[in-house]
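Residue numbers start from 1 in every chain, and the chains themselves are labelled A, B, ... in the order their sequence lines are given, proteins ahead of strands.
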Amino acid sequence: MKKIATWNVNSLKVRLPQVLQWLGDNPVDVLCLQETKLTDDKFPQAEINAAGYEVVFSGQKTYNGVAILSRHPITDVVKNNPLFEDEQQRIIAATIEGVRYVCAYIPNGQAPDSEKYQYKLKWLAALHEWLAQEQLLHPRLALLGDYNIAPEDRDVHDPAAWVGQNLVSEPERAAFFHLEKMGFTDAFRKFEQPEKLYSWWDYRQMGFRLNKGLRIDHILLTAPLAAQCTACVIDKVPRKWEQPSDHAPVVATLD
DNA sequence: ATGGCAACTACAAGTTGA
């Protein structure tokens, strides 16, 4: 049995103590992080190693940045999508115990009429293209991260207010469902879940207290892994801590 | 309709996130 998780930490510099606390409470086998916001020379590798984890990372100044933490040896690290030239550090992939992990921080998109939205859609199309190849090489493939897409209305606290907006618009959702058409399963939706459970809540307007959230952080698994998956939960506990990330970790159990 | 919060850079206020 192993547990794998993803968490957008919104600055690892600020959130390192919480990551270490959370790993102490939840000693998962693999943890994918997004929005580390650290250049590689500033990455807190020693602290993470001391907690019992190997780590690989790809960062930049101020924005983006991803990392994979693992209790087991990490091999074959790839940074970014080889099919998509990108100055932004949003992908790191690695093999751990025969499973290929892709840790992704999918672009936010800002607004459907923005250039950033066009970048998001192009980025997603290139992700599809790359993962189609990766699936052939790695039948046991897991895509974990902040997708910045709420796939369905039930993943949105107020669907009427969000119609057509960034994070829920039809082209973004189509890109998410394309991953499912390619054979990926949304681990969270494989199971009965509480209603109105989200993975992100706005810092403003008491978003968390009022549960004004979106489910935008996901674990997608190819069929052999989905068949092994026996649970998937969103852990709201660290969202209640002092100075939290606005995202909660998502954890899947594989038998 | 706008901004609201948080983190960043940099030192003031602007940018970004979702």
Contact class for [X] vs. all strands (heavy atom < 4.0 Å): base, sugar-phosphate, or nothing?
X	result
A/N64	nothing
A/N148	sugar-phosphate
A/Y105	sugar-phosphate

- Message: Under 4.0 Å between a side-chain nitrogen and a carboxylate oxygen: does that hold for A/E97 and A/K2?
- Response: yes
- Would you mind checking if A/R215 and A/D186 are paired as a salt bridge, meaning a charged N to carboxylate O distance below 4.0 Å? yes
Any side-chain donor near an acceptor of the partner, [X] and [Y], under 3.5 Å:
X	Y	answer
A/N166	A/K116	no
A/W7	A/D217	no
A/T39	A/Q60	no

Starting at atom [atom1] of [X], determine the distance to atom [atom2] of [N], rounded to an integer number of angstrom.
X	N	atom1	atom2	result
A/Q165	B/dT2	CD	C1'	13 Å
A/L210	B/dC5	CG	P	14 Å
A/D202	B/dC5	CG	P	10 Å
A/K37	B/dT16	NZ	C1'	8 Å
A/K13	B/dA6	NZ	P	17 Å
A/K61	B/dT16	NZ	P	15 Å
A/I106	B/dT16	CD1	C1'	18 Å
A/H247	B/dC5	NE2	P	18 Å

- Message: Going by ring-ring contact (aromatic ring centres under 6.0 Å, His included), name the residues that satisfy it together with A/H178, two or more places apart in sequence or in a different chain.
- Response: A/H128
- Note on the structure: Sorted by chain and number, sequence neighbours left out, side-chain contact (heavy atoms from CB on, under 4.5 Å) with A/T62 holds for none
- Item | With A/R71 via side-chain contact (heavy atoms from CB on, under 4.5 Å) - residues at least two apart | A/P27, A/Y53
- Task: Mind checking side-chain hydrogen bond (donor to acceptor under 3.5 Å, both in side chains) for A/S245 and listing every partner two or more places apart, or none if nothing turns up?
- Result: none
Identify each atom pair where a protein N or O and an N or O of nucleotides 12-15 of chain B are less than 3.5 Å apart, giving names and distance.
none

Which nucleotide in [options] has an atom nearest any side-chain atom of [X]:
X	options	answer
A/V14	B/dC8, B/dT9, B/dG17	B/dC8
A/Q205	B/dG3, B/dA6, B/dC8	B/dG3
A/T62	B/dG17, B/dA7, B/dT9	B/dT9

- Message: Taking only side-chain N and O atoms of A/R15, does any of them lie within less than 4.0 angstrom of OP1 or OP2 on B/dA6?
- Response: no
- Item | Of residues 235-244 of chain A, the positions that come close to DNA chain B - non-hydrogen atoms, cut-off under 4.0 Å | A/Q243
- Nearest-nucleotide comparison on DNA chain B, the residue closer to the 5′ end among A/R90 and A/Y203: A/Y203
- Item | Earlier contact from the 5' end, DNA chain B, for A/D146 and A/S11 | A/S11
Taking atom [atom1] in both [N] and [M], compute the distance separating them and give it to the nearest angstrom.
N	M	atom1	answer
B/dG14	B/dG3	C1'	15 Å
B/dA10	B/dT16	C1'	16 Å
B/dG17	B/dG4	C1'	14 Å
B/dA12	B/dA7	C1'	16 Å

- Message: Membership question, hydrophobic clusters at under 4.5 Å side-chain separation (ILVMFWY): are A/L141 and A/V250 in the same one?
- Response: no
